[in-house]
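Only a predicted model underlies this, so the values are computations on that prediction, with no experimental measurement involved.
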Amino acid sequence: MTQVLSIGLDGAAWHKLDRLMAAGDLPNLAALVEEGARAPLRSVDPPVTCPAWRCSTSGKNPGKLGVYWWLNLDRASGELTSPDARSFATADVWDYLAAEGKRSAVVNVPMTYPPEPVDGLMVSGFGAPFGVDLDRSITHPPDVQERLAAEYDWDIGVDDVTTAEGLERAYDLIDSRFELLGDLLEADYDYLHLTVFYINVLQHKYGDGPETREAWRRIDEHLGRLDDEDVLTILYSDHGHDTVDRTFVVNRYLIENGYLSFDTGLSDSASGGAYSLLKRLSLSPRRMAKLAKAVLPASVYDDLVTSGYPVPTSELSARVDWEHTTALAVSQGPVYLNREALGDRYESVRDDLAAELSALTVDGEPVLDDVSPAEEVYTGEYVDDAPDLMLVAADGWEIYGGVTPSVFETQVTSWTSGNHPRGMLLLHGDEVEPGTLAERSLLDVMPTVLRYLDCPVPDDVDGEAVTDAFADGLGRRRTRPPLQPDPAGDADDSDELKRRLEDLGYLE
């Protein structure tokens with residue numbers, strides 16, 4: 001019988017859930033909260049699905065995993081490539097449980113494709129190609145994939161949740177995850193984890209609108225059907241969410257201040273009128289490309305095409321003159337410096353750029369809450385591969401890695417709600433003392449699971465078990481050497497993943 005049930009709600013935040021519970025929309029979650037221990041949960045930097053979920057399952061910060069965002073920069077060439085499961089240099093909670101003779105079912109964790117052999121079940125989450133008609137299985141054991149398609153109408157994702165059909169399909173995906181979870185609870189697993197990813201996508205696209213509320217209502221209904229008697233239930237998110245009002249176009253800033261050398265395909269003189277009109281129509285960069293012909297006179301559309309704006313994050317590699325570039329950013333915070341080109345000037349240039357970015361204001365208010373060098377954000381053997389600077393947006397701001405004509409914009413992506421560093425944690429079970437806890441780290445979830453199941457915690461994890469949630473604590477803390485993950489080959493440069501990330505707004 002399952003002893004630990006872990007449910008990941010991608011992008012969930014207490015300030016949003018509290019409003020829904022107060023309105024009576026989430027009665028089952030409200031009951032769990034009343035009986036459980038809750039805490040705000042601090043994410044990693046940047047607070048992004050990739051790598052945050054794998055940080056939570058490994059208990060380590062990105063500096064020990066070697067993955068920092070949806071795209072990795074090769075500093076030698078300036079190329080941006082997509083990571084996959086093989087990019088994460090770590091063992092995870094299910095590996096340590098297997099070493100103690102315990103079985104796990106791991107369902108829908110982002111960035112677990114291709115799936116690794118586990119003692120139990122692995123179903124890959126976002127990061128796998130959409131659909132299940134693949135040459136390489138999304139599951140381990142491989143034959144489970146056929147059952148997913150036949151019994152649960154399983155897909156990895158939805159092409160476009162902004163259409164009526166896509167929205168309904170997103171609801172179906174959420175339902176299918178919980179239907180499988182309910183069946184797995186009847187099987188013999190010690191640890192069972194499910195990540196619900198598409199609630200994050202719906203928040204990005206619809207904010208707190210009725211479309212998102214319906215998804216939360218469905219999740220709540222499923223929570224009410226779960227048989228969690230004699231089970232420790234852990235609900236948590238990889239990051240939070242908050243409203244996006246303004247955009248800092250970081251690469252436009254780098255271009256204007258001589259840090260980033262872009263190709264000559266951008267014409268500022270041609271861009272102004274066309275781009276401004278599209279912004280007034282509230283069209284995101286991706287939707288601009290699809291709809292511009294339909295809403296603009298032909299002459300204005302031709303000006304927009306000539307201008308080349310906006311340039312999405314996904315096209316940076318093809319448009320940047322890396323040899324003559326000092327700094328390049330991607331969305332949501334990471335900034336990379338061309339260390340080889342800078343040579344002995346690296347430290348001074350990094351310090352100057354950090355000071356400049358820290359001083360940015362609009363209407364007297366700061367644009368960024370924090371600008372820090374990598375060694376102040378990360379620890380571990382892969383810090384040298386980390387972004388040289390990590391930017392944290394001020395509330396109400398997003399950091400956009402594409403290029404538009406202006407450094408500061410009203411919202412330019414298709415998101416109405418963006419990632420926030422503070423997520424949520426809830427523990428519920430007979431041994432849990434009800435109440436509110438101080439803020440904890442996303443990295444604390446993994447050692448909490450191990451300690452609860454009386455397993456030693458590897459001595460290379462960064463997190464600490466949430467012992468104060470339990471009336472009698474969690475017993476003596478035991479440690480063990482870390483497992484060394486089996487080398488599984490290099491990650492593929494996945495055009496498929498990049499396309500899906502564009503669909504969701506990450507690479508617009």
Side-chain angles (χ1 to χ4, degrees), residues 3-8 10 39-68 83 85 87-100 102 104 106 109-112 116 118-119 122 125 190-195 232 234-239 377-383 386 421-427 437-470 473-485:
Q3 295 176 266
V4 174
L5 170 59
S6 172
I7 299 177
D10 200 303
L41 197 66
R42 183 79 184 188
S43 186
V44 295
D45 292 310
V48 181
T49 295
C50 174
W53 280 113
R54 292 297 299 275
C55 290
S56 81
T57 60
S58 66
K60 300 175 186 176
N61 81 95
K64 293 180 179 177
L65 306 183
V67 177
Y68 298 91
S87 306
F88 293 82
T90 186
D92 292 271
V93 61
W94 48 84
D95 299 306
Y96 290 101
L97 292 173
E100 298 295 313
K102 298 184 184 297
S104 301
V106 182
V109 174
M111 309 311 293
T112 53
E116 64 177 84
V118 295
D119 186 3
M122 170 77 74
D190 297 285
Y191 169 74
L192 175 53
H193 176 92
L194 167 70
T195 296
L232 172 65
I234 304 175
L235 282 84
Y236 73 101
S237 61
D238 57 330
H239 58 77
V377 179
Y378 307 111
T379 62
E381 56 268 46
Y382 297 100
V383 172
R422 191 165 288 108
M424 57 81 68
L425 171 68
L426 175 66
L427 297 101
L437 307 174
E439 180 178 277
R440 301 302 301 239
S441 166
L442 178 65
L443 310 182
D444 296 342
V445 176
M446 182 264 202
T448 301
V449 171
L450 291 178
R451 290 279 300 275
Y452 183 82
L453 292 174
D454 193 28
C455 295
V457 178
D459 54 24
D460 66 339
V461 303
D462 298 307
E464 294 288 340
V466 188
T467 56
D468 52 342
F470 298 88
L474 284 177
R476 184 174 63 89
R477 182 179 186 271
R478 297 183 293 129
T479 61
R480 57 153 297 151
L483 293 169
Q484 298 302 316

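- Atom CD1 in Ile7 sits 8.0 Å away from atom CG in Leu192 (nearest 0.5 Å).
- The CG atom of Leu425 sits 8.5 Å away from the CG atom of Asp444 when rounded to the nearest 0.5 Å.
- Among all heavy-atom pairs drawn from Ser43 and His239, the shortest one is OG-CB, 4.0 Å.
- Arg440 approaches Ala465 most closely through the heavy-atom pair NH2-O, 3.3 Å.
- Looking at heavy atoms from C-beta onward, Val466 lies out of side-chain contact with Arg451 at the 4.5 angstrom threshold.
- Contact between Arg478 and Cys455 at its shortest, heavy atoms only, is NH2-CA, 3.8 Å.
- A centroid separation of less than 6.0 Å is found between the aromatic rings of Tyr68 and Tyr378.
- The CG atom of Leu443 sits 11.5 Å away from the CZ atom of Arg42 when rounded to the nearest 0.5 Å.
- In this structure, OG1 on Thr90 lies 9.0 Å from CG on Leu483, to the nearest 0.5 angstrom.
- The side-chain contact (heavy atoms from CB on, under 4.5 Å) with Leu97 is formed by just one residue from the set Asp92, Leu453, Asp190, Val4; it is Leu453.
- The six-membered or imidazole ring of Trp53 lies away from that of Phe88, with a centre-to-centre distance of 6.0 Å or more.
- Note on Asp462 versus Lys64: salt bridge recorded, some NZ/NE/NH1/NH2 to OD/OE distance being below 4.0 Å.
- Rounded to the nearest 0.5 Å, atoms CG (Leu442) and OG (Ser56) are 5.0 Å apart.
- The pair Asp119-Lys102 fails the salt-bridge criterion, with no side-chain N (NZ, NE, NH1 or NH2) lying under 4.0 Å from an Asp/Glu carboxylate O.
- Note on ring orientation: taking the six-membered ring where Trp is involved, the planes of His193 and Tyr236 are tilted (angle from 30° to 60°).
- Looking only at distances, no side-chain donor or acceptor of Ser58 sits under 3.5 Å from a matching main-chain atom of Ala91.
- The pair Lys60-Asp460 counts as a salt bridge, with a side-chain nitrogen and a carboxylate oxygen less than 4.0 angstrom apart.
- A salt bridge is defined here as a Lys NZ or Arg NE, NH1 or NH2 lying under 4.0 Å from an Asp or Glu carboxylate O, and Arg422 with Glu439 meets this definition.
- Contact record, Pro482 with Pro458: CA-CB, 4.2 Å, taken as the closest heavy-atom pair.
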Practice item. Check step by step if side-chain hydrogen bond (donor to acceptor under 3.5 Å, both in side chains) holds for Asp238 and Thr49. Key: CA-CA 6 Å; Asp238 57 330; Thr49 295; 3.2 Å; yes
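- Taken to the nearest 0.5 Å, the CZ atom of Arg477 stands 10.0 Å off from the CG atom of Leu450.
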